[in-house]
Structures are given as structure tokens and as C-alpha cells.
*Asks:* 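Let me begin by handing over the structure; questions about it come next.
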Amino acid sequence: YPAGGRIPSEQVLCDTYGVSRVTVRKAMLDLVQEGLLVRRQGKGTFVAEEKIRRDLSMITSFTDSCEARGHHAEARPISCQWEEPTAEDCEKLGVAPDGRVLELCRLRLCDGDPVMLEVNRFPEEYAFLADEPVEGSLYEFLRAHGVIPSSAIHDISMGHATPFVSKHLHTEVGDALLVLDELVLNQHGEPLHLSRQWIRGDKYTFRI
């Protein structure tokens with residue numbers, strides 16, 4: 001069955017393969033737990049879509065991760081604004097308490113489907129990012145300006161969709177999501193940006 005395809009009913013599978021309903025239910029439960037099948041309330045059981053995989057041992061953009069598997073990546077700017085620095089900005093980005101940070105919020109899509117909502121916070125020296133909306137790879141845009149993302153510190157946790165996040169990721173409020181927090185450094189080992197990404201776990205996975 002193709003990705004996204006609907007699996008026949010339990011009775012049809014029983015008749016097709018000459019096995020009991022208990023056997024069919026056990027097999028389908030195992031496949032759901034392995035992530036190969038997805039159950040949708042009131043609709044049935046479907047073959048899970050292929051997940052985008054990102055290797056955290058390397059600095060890889062969302063665009064690169066999509067295109068490596070033949071998919072089309074998009075970035076949809078949500079907001080771009082100057083903010084007062086938080087204590088974390090001051091500690092990790094080296095921003096002065098009376099300084100400011102540039103916050104970029106973007107929705108990332110793969111083949112038109114929303115996968116990730118990202119919020120990136122940059123020190124003031126990267127003010128050029130506010131001059132035009134970055135609708136492609138942010139890292140490719142930075143490299144064109146001589147800035148190379150070279151390493152990162154990652155923290156992965158489980159979170160839940162807020163009304164704002166669920167609106168953009170097309171999930172229900174409270175749905176479980178992967179949350180990736182990053183401190184990314186440039187080629188000189190200097191802080192480049194802080195990032196928080198809310199990610200749909202049914203479409204994206206990490207390799208560590």
C-alpha cells in the first residue's frame with residue numbers, strides 16, 4: 001500500500017489472508033507502534049507518510065533535509081521584529097541588556113504541508129536579515145553574506161501545540177510536538193542565533 005493509502009478493514013484482511021481477527025488486530029497494532037501505520041479517528045488506518053530526517057551531527061538546513069529526499073521545501077514568513085533581549089539572549093548570544101535582538105518567525109513546509117514553526121533570534125549585527133523576507137533557506141541566505149553556520153548545541157524535548165502553533169501547523173491545540181532548541185555558532189565560533197522549533201513528529205525525525 002502506498003504512503004497515505006488506506007488499509008482495508010479488519011474483516012477484509014481476515015478474508016484476504018485467511019487469519020483470525022485477533023491476528024489482524026495484533027499485526028496492525030504492532031505496525032502502528034512502529035510508526036508504519038497511522039490510525040485516524042472515524043476514518044480508518046493509513047500507511048504513514050515518509051518522514052523528513054535531519055542528522056543532528058551536522059549543520060543541515062530544513063531545505064537540504066527535504067531536497068535530499070526529493071521533496072520541495074518552502075518558508076513562509078510569519079513575523080520579523082525587534083525585541084528586547086531576554087536573560088537567555090544576554091547569556092548565550094552575548095547581547096547587552098540594553099541592546100536588542102531580531103526575531104524571525106517562519107513556517108516551514110514540505111510539498112505544501114506544514115511541518116515546522118521556527119522562531120530564530122539574532123544579535124543586532126545580523127540586522128540585514130530584516131531588510132527582506134527570507135522565503136528560502138535561511139542558512140543559504142546567510143552564506144551569501146559570508147556567514148557560515150558551523151556548529152550547534154541541541155536540546156530536544158516534548159511539547160504541546162498552543163493555539164498559535166496549532167493554527168500554523170494544522171494540528172489540534174494540545175497535540176504533542178517535538179521541540180528543538182538550538183544555539184548555532186558561526187565559522188568563528190561566535191553565537192549566530194538561538195532557535196526554537198515546534199515540529200510535527202508524524203512528518204519529521206532526528207538522527208543523533
Side-chain angles (χ1 to χ4, degrees), residues 2-5 35-36 38 46-81 102-122 126-162 164-172 175-187 192-208:
L36 298 176
V38 177
F46 298 80
V47 179
E49 300 284 351
E50 179 188 15
K51 293 185 179 181
I52 306 161
R53 179 180 295 162
R54 177 182 168 190
D55 190 340
L56 289 181
S57 66
M58 302 182 293
I59 295 294
T60 306
S61 70
F62 178 85
T63 300
D64 291 338
S65 298
C66 288
E67 292 180 350
R69 284 163 177 76
H71 300 292
H72 174 66
E74 297 177 64
R76 192 171 294 167
I78 303 297
S79 63
C80 176
Q81 57 198 18
L102 180 65
E103 182 181 277
L104 304 178
C105 179
R106 304 192 308 162
L107 177 66
R108 307 311 311 273
L109 304 98
C110 178
D111 295 336
D113 292 328
V115 175
M116 174 192 302
L117 185 69
E118 62 179 21
V119 175
N120 299 303
R121 294 171 69 88
F122 290 86
Y126 298 103
F128 61 85
L129 290 168
D131 295 339
E132 57 182 288
V134 182
E135 298 183 348
S137 170
L138 181 61
Y139 284 179
E140 185 176 319
F141 185 83
L142 286 167
R143 291 187 185 102
H145 286 77
V147 181
I148 304 174
S150 297
S151 61
I153 299 170
H154 313 283
D155 288 303
I156 304 174
S157 60
M158 183 67 73
H160 296 87
T162 64
F164 177 79
V165 173
S166 65
K167 170 187 173 182
H168 293 289
L169 289 184
H170 297 176
T171 66
E172 297 294 329
D175 278 0
L177 299 171
L178 292 172
V179 178
L180 175 65
D181 290 304
E182 292 183 303
L183 169 61
V184 180
L185 309 178
N186 65 19
Q187 69 266 38
L192 172 56
H193 72 93
L194 286 170
S195 174
R196 168 160 284 192
Q197 301 165 12
W198 289 269
I199 303 162
R200 288 183 51 172
D202 61 328
K203 294 183 176 293
Y204 203 91
T205 187
F206 296 106
R207 172 172 288 172
I208 301 174

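Everything quoted here is computed from the prediction, not taken from an experiment.
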*Asks:* Taking Ile148's backbone N and O only, do any of them form a donor-acceptor pair with Asn186's side chain (distance below 3.5 Å, no angle check)?
*Replies:* no
*Asks:* Return the minimal non-hydrogen interatomic distance between Leu107 and Met116, and the atom names on each side.
*Replies:* CD1-O, 3.4 Å
*Asks:* Return the set of residues passing ring pair (Phe, Tyr, Trp, His ring centres under 6.0 Å) with Phe46 (not counting sequence neighbours), or none when no residue passes.
*Replies:* none
*Asks:* Could you pull out all residues at least two apart from Glu74 that satisfy salt bridge (charged side-chain N to carboxylate O under 4.0 Å, His left out)?
*Replies:* none
*Asks:* Find out whether Leu185 and Leu192 are in side-chain contact, i.e. whether some heavy atom of one side chain is under 4.5 Å from a heavy atom of the other.
*Replies:* no
*Asks:* Please name the pair of heavy atoms, one in Ala152 and one in Glu182, separated by the smallest distance, quoted to 0.1 Å.
*Replies:* CB-OE2, 4.4 Å
*Asks:* Could I get the full list of side-chain hydrogen bond (donor to acceptor under 3.5 Å, both in side chains) partners for Arg196, not counting sequence neighbours?
*Replies:* Asp181
*Asks:* Would you check if Phe62 and Leu138 make a side-chain contact, meaning some heavy-atom pair closer than 4.5 Å?
*Replies:* no
*Asks:* Run the side-chain hydrogen bond (donor to acceptor under 3.5 Å, both in side chains) test against Asp113 and tell me which residues pass, sequence neighbours left out.
*Replies:* none
*Asks:* Mind listing the closest non-hydrogen atom pair of Arg108 and Arg106 along with its distance?
*Replies:* NH1-NH2, 3.3 Å
*Asks:* Before giving the answer on side chain to side chain contact (heavy atoms under 4.5 Å, CB included), spell out for Leu180 and Ser195 the whole-Å C-alpha distance, their side-chain angles and the decisive distance to 0.1 Å.
*Replies:* CA-CA 8 Å; Leu180 175 65; Ser195 174; over 6 Å; no
*Asks:* A side-chain contact here means heavy atoms from C-beta on lying under 4.5 Å apart; do Leu177 and Arg200 qualify?
*Replies:* yes
*Asks:* Under the salt bridge (charged side-chain N to carboxylate O under 4.0 Å, His left out) test, which residues partner Arg121, sequence neighbours left out?
*Replies:* Asp89, Glu103
*Asks:* Do the non-hydrogen side-chain atoms of Cys80 and Leu104 ever get within less than 4.5 Å of each other?
*Replies:* yes
*Asks:* Are the side chains of Thr162 and Trp198 in touch, meaning some heavy atoms are under 4.5 Å apart?
*Replies:* no
*Asks:* Where is the tightest heavy-atom contact between Val119 and Cys105, given as atom of each residue plus distance?
*Replies:* CG2-SG, 4.0 Å
*Asks:* Parallel, tilted or perpendicular, judged at 30° and 60°: which one describes the rings of Phe128 and Tyr126?
*Replies:* perpendicular
*Asks:* Do Val179 and Asp155 come within less than 4.5 Å of each other through their side chains, counting heavy atoms only?
*Replies:* no
*Asks:* Could you check whether any side-chain heavy atom of Leu129 comes within less than 4.5 Å of a side-chain heavy atom of Leu142, counting everything from C-beta outward?
*Replies:* yes
*Asks:* Determine, stepwise, if the pair Leu169 / Ile199 fulfils side chain to side chain contact (heavy atoms under 4.5 Å, CB included).
*Replies:* CA-CA 8 Å; Leu169 289 184; Ile199 303 162; over 6 Å; no
*Asks:* For Ala127, enumerate each residue passing the side chain to side chain contact (heavy atoms under 4.5 Å, CB included) test, keeping only those at least two apart in sequence or located in another chain.
*Replies:* Trp82
*Asks:* Taking all atoms of both residues into account, what is the closest heavy-atom pair of Ala75 and Gly136, and its distance?
*Replies:* CB-O, 3.7 Å
*Asks:* Could you tell me whether a side-chain N or O of Gln197 sits under 3.5 Å from a main-chain N or O of Leu178, the two making a donor and an acceptor?
*Replies:* no
*Asks:* Are there more than 12 heavy atoms of other residues, nucleotides or ligands under 6.0 Å from atom CZ of Arg143?
*Replies:* yes
*Asks:* Enter the distance from Leu117:CG to His168:NE2 here, rounded to the nearest 0.5 Å.
*Replies:* 6.0 Å
*Asks:* Are any non-hydrogen side-chain atoms of Glu140 and Thr63 less than 4.5 angstrom apart?
*Replies:* no
